[in-house]
There are 2 protein chains.
Amino acid sequence: MQEQFFPYQILSEFTKDIFRKLGLPEQDIDLATKVLLSADVRGIDSHGIARLSGYARLIEAGRANPEPKVKVVYETPSTATIDGDRGLGLVVAPFAMQVAIEKAKNVGTGWVSVKNSNHYGIAAYHAMMALEHDMIGISMTNASALVAPTFSMERMLGTNPICVVVPAGEEPPFVADMATTTAANGKLEILQRKNMPTPAGWVQDKEGNSVTDAHALKQGGALLPLGSDRERSSHKGYALGSIVDIFSAVLSGANYGPWVPPFPAYVPMPQNMPGEGIGHFFGAMRIDGFRPADEFKQHMDNWIKRFKGAKPVNPDQPVLIPGDVEREMEAERMTLGIPLHAAVINDLKGLADKLGVLSIF
Amino acid sequence: MQEQFFPYQILSEFTKDIFRKLGLPEQDIDLATKVLLSADVRGIDSHGIARLSGYARLIEAGRANPEPKVKVVYETPSTATIDGDRGLGLVVAPFAMQVAIEKAKNVGTGWVSVKNSNHYGIAAYHAMMALEHDMIGISMTNASALVAPTFSMERMLGTNPICVVVPAGEEPPFVADMATTTAANGKLEILQRKNMPTPAGWVQDKEGNSVTDAHALKQGGALLPLGSDRERSSHKGYALGSIVDIFSAVLSGANYGPWVPPFPAYVPMPQNMPGEGIGHFFGAMRIDGFRPADEFKQHMDNWIKRFKGAKPVNPDQPVLIPGDVEREMEAERMTLGIPLHAAVINDLKGLADKLGVLSIF
């Protein structure tokens with residue numbers, strides 16, 4: 001695979017220039033850039049700068065609003081619903097998570113459902129905002145339908161990630177950020193580029209047969225829910241994806257199920273949409289809403305150490321704590337730079353040309 | 001398999017007699033019975049009356065307290081930690097869920113972590129208490145370690161179920177109740193009795209090899225997390241089980257990971273336990289904390305209808321909504337009776353003899 005490495009700072013300046021040209025207000029440019037690139041930094045390449053052109057097309061097509069007036073439209077002391085005013089999720093989501101955190105400061109927890117938003121980057125960025133407040137952070141979002149429920153030929157759910165972040169003391173935080181599918185779409189795309197088959201249980205073809213053809217999804221097939229098949233409890237992955245859909249969209253008034261708008265602006269919008277935009281859901285829980293924070297952190301450190309020390313099957317592969325891989329990736333990429341695939345570089349060059357931004361490539 | 005059917009009412013009276021003999025106070029006897037038998041009624045046979053002897057042994061061994069003083073020991077307007085005083089989870093859990101519901105009435109949501117408890121029956125009973133209040137209900141519990149995290153030879157987590165319940169309007173509620181493993185232990189026990197192999201991805205042997213021997217768990221092996229193996233994202237099932245463990249026990253001060261006390265009273269307690277008893281976690285969210293309840297219910301009905309109507313792979317097997325199977329089972333068993341396996345009947349006969357309760361068998 002042809003890749004080239006770029007320092008974070010260079011990609012950040014470039015991304016800011018693009019967002020500026022797209023009409024984002026000055027105070028949102030830094031935030032949108034930081035959220036977007038947090039994906040590249042943590043190694044979730046499918047959700048980072050590779051999507052910048054996609055965000056641009058959403059704005060150009062009028063599907064996303066570069067200057068949203070994001071606001072709370074419904075609330076109680078521990079809950080709120082937010083209207084994202086068709087803004088980029090990169091900006092709407094941190095606003096919503098901040099509302100959850102403020103409510104948690106006041107009454108112990110805060111829970112925020114969001115409608116009328118767009119793709120929000122990686123789930124972990126938003127949930128991790130809770131950490132500096134000694135809170136557990138939760139983030140989820142629905143997305144356009146690529147996943148077939150158990151027994152379904154039809155795609156009904158997005159890859160609908162769930163992220164739960166837990167602060168620790170001396171140990172790094174626990175950061176679980178997972179699509180509710182067997183495999184993330186980004187991993188499938190890598191196999192497509194290499195023309196390699198998938199492991200069993202990732203995809204089905206358009207007739208609903210479980211196959212190992214990485215191109216099956218693009219040919220009308222579907223991703224499979226976490227669990228892979230009925231015998232291995234794909235109904236649980238389906239249920240998890242459904243919970244994300246309901247919390248993010250049925251609670252807020254966004255679109256759900258097969259009606260969630262697509263990320264690519266050239267894909268027609270679904271017919272008879274029941275809500276507004278896509279939906280997210282956020283939670284923040286003060287750890288000292290349950291016990292003194294120091295006590296909690298000591299036990300969380302103990303939890304992490306005990307799990308890290310579990311006897312491994314293979315002595316060369318110790319048991320990992322959720323978030324370990326991404327944290328190591330972050331340390332590496334902030335030093336060595338962020339690798340971009342030739343196709344992504346080409347795409348960004350084209351974007352820079354089109355918008356009249358100085359290309360760094 | 002030799003089975004005999006019993007009417008609910010008969011099993012209920014018998015169970016009450018047993019709990020009375022075990023020293024439960026009058027006001028707890030009905031509740032503990034109702035919670036326990038809700039498992040049999042919903043078809044989760046492994047968690048119902050088949051466990052009655054196990055609860056009795058916990059009390060006889062002094063590991064469970066038949067007359068607990070359950071109380072809130074820490075709280076904010078939307079959170080609480082509850083000390084179960086070594087009571088049966090069958091009684092402690094409904095108390096805790098009620099606290100979550102009361103907090104939700106006041107501030108929109110309620111979140112309760114519980115320590116010093118014991119096995120709480122099925123997760124769904126407690127979460128479903130939220131439905132009559134037009135709330136979303138959440139219930140989870142940790143349990144003694146049977147599950148090996150990804151890359152681990154050692155058992156570190158229980159089957160740690162998550163239950164999420166969502167009210168609808170004309171449609172029945174959405175009730176997702178799932179162990180965070182590939183297969184529930186109850187399903188494994190059925191294959192053990194029949195001496196049949198498991199599907200791939202359910203268990204590993206004591207060296208950490210994935211095997212299909214249903215007896216591998218009893219021979220020092222482990223259940224596998226939802227996802228089955230690394231290629232099919234078992235790290236997500238591991239993360240989900242970990243979240244349940246942390247919310248239930250690190251937040252509350254219960255035991256976690258490999259230190260969770262075993263259900264069978266003859267199994268020695270773990271060494272150096274860091275907390276008290278086992279832990280649970282409950283949540284209640286008012287749907288009108290996010291939008292008017294009628295609006296929510298209309299859209300939830302629409303969600304359910306659309307998913308039920310998804311094009312199936314096989315026309316004879318329509319797409320199901322989480323909770324459909326258990327609800328149909330309930331209707332059937334309340335009419336035709338509850339089937340008990342010969343081994344369970346024998347065990348209950350012995351229990352009745354030992355306690356001097358009139359046997360119905």
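None of the values given here were measured: they were computed from a predicted structure. Lettering of chains follows the sequences in order, A, B, ..., and the numbering in each one begins at 1.
- Under the 3.5 Å distance criterion, the side-chain polar atoms of A:Glu154 are left unmatched by any main-chain donor or acceptor of A:Val147.
- The part of A:Ile138 that comes within reach of chain B is its side chain, from C-beta onward, which places non-hydrogen atoms under 4.5 angstrom from that chain.
- Checking side-chain atoms of A:Ser139 against main-chain N and O of A:Ala123 turns up a donor-acceptor pair under 3.5 Å.
- In terms of heavy-atom pairs under 4.5 Å with chain A, the best-connected choice from B:Thr76, B:Ile321, B:Val313 is B:Val313.
- When heavy atoms are compared at a cutoff of 4.5 Å, A:Trp111 approaches chain B by way of both its backbone and its side chain.
- Interface remark: B:Trp202 contributes side-chain atoms only to the contact with chain A (heavy atom separation under 4.5 Å).
- Interface check for chain A: of the options B:Lys103, B:Met285, B:Glu75, B:Gln204, the most heavy-atom pairs under 4.5 Å are formed by B:Met285.
- In this structure, the side chain of B:Asn160 does not engage the main chain of B:Val244 through any donor-acceptor pair within 3.5 Å.
- Ranked by heavy-atom pairs under 4.5 Å with chain A, the first of B:Ile162, B:Asn209, B:Leu240 is B:Leu240.
- Contact annotation for A:Ala179: both backbone and side-chain heavy atoms come within less than 4.5 Å of a heavy atom of chain B.
- Side-chain atoms of B:Asp245 come within 3.5 Å of backbone atoms of B:Gly257 as a donor-acceptor pair (strictly under, hydrogens ignored).
- At distances below 3.5 Å, at least one donor-acceptor pair connects side-chain atoms of B:Ser252 with backbone N or O atoms of B:Val114.
- A:Pro274 touches chain B through backbone and side chain together, each having a heavy atom under 4.5 Å away.
- Within 6.0 Å of NZ in B:Lys305 there are more than 12 heavy atoms belonging to other residues, nucleotides or ligands.
- Judged purely by atom type and a 3.5 angstrom limit, A:Ser113 has no side-chain atom pairing as donor or acceptor with the backbone of A:Leu251.
- Residue contact with chain B, scored on non-hydrogen atoms closer than 4.5 Å, involves the side chain of A:Ser228 exclusively.
- Between chain A and the options B:Trp259, B:Tyr256, B:Phe296, the largest number of non-hydrogen pairs under 4.5 Å is found for B:Tyr256.
- Both the backbone and the side chain of A:Ala310 come within less than 4.5 Å of a heavy atom in chain B.
- Of the two parts of A:Val107, the backbone and the side chain both hold a non-hydrogen atom closer than 4.5 Å to a non-hydrogen atom of chain B.
- Interface remark: of the candidates A:Met300, A:Glu207, A:Lys236, A:Lys236 forms the most heavy-atom pairs closer than 4.5 Å to chain B.
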- Start with the C-alpha distance between B:Glu171 and B:Lys297, add both sets of side-chain angles, then the distance that settles salt bridge (Lys or Arg N to Asp or Glu O under 4.0 Å), and finish with yes or no. CA-CA 9 Å; B:Glu171 296 290 329; B:Lys297 289 181 183 177; over 6 Å; no
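- Contacts of B:Pro149 with chain A are made by side-chain atoms alone, with heavy-atom separations under 4.5 Å and no backbone atom involved.
- Note: A:Thr79 leads A:Thr79, A:Val73, A:Ile136 in heavy-atom pairs under 4.5 Å with chain B.
- Between chain B and the residues A:Gly110, A:Ala80, A:Ala184, A:Ser234, the largest count of heavy-atom pairs under 4.5 Å involves A:Ala80.
- Within the 4.5 angstrom heavy-atom criterion, atoms from both the backbone and the side chain of A:Ala200 approach chain B.
- For A:Ser242, the parts lying under 4.5 angstrom from a heavy atom of chain B are both the backbone and the side chain.
- Checking A:Thr198 against A:Thr212 by side-chain atom types alone, no donor-acceptor pair falls below 3.5 Å.
- Comparing A:His235, A:Glu295, A:Arg232, A:Arg155 by heavy-atom pairs within less than 4.5 Å of chain B, the highest count is held by A:Arg232.
- Looking only at side-chain heavy atoms (C-beta outward), A:Met153 and A:Lys206 stay at 4.5 Å or farther from each other.
- Contact of the B:Tyr238 side chain with the A:Leu320 side chain is not registered, since no non-hydrogen atoms from C-beta on lie closer than 4.5 Å.
- Contact of the B:Phe174 side chain with the B:Asp324 side chain is not registered, since no non-hydrogen atoms from C-beta on lie closer than 4.5 Å.
- Highest contact tally toward chain A, considering only B:Leu224, B:Ile82, B:Asp288, is held by B:Asp288 [criterion: heavy-atom pairs under 4.5 Å].
- Side chains of B:Asp83 and B:Asn116: a donor on one and an acceptor on the other come within 3.5 Å.
- Using a 4.5 Å cut-off between heavy atoms, A:Pro318 contacts chain B through its backbone alone, with no side-chain atom that close.
- Listed for the A:Asn142 side chain is a donor-acceptor partner under 3.5 Å among the backbone atoms of A:Asn255.
- For chain B, the nearby parts of A:Glu231 are the backbone and the side chain; heavy atoms of each come within less than 4.5 Å.
- Residue with the most contacts toward chain A among B:Val319, B:Thr81, B:Val250: B:Val250 (heavy-atom pairs, distance under 4.5 Å).
- Using a 4.5 Å cut-off between heavy atoms, A:Lys187 touches chain B through its side chain atoms alone.
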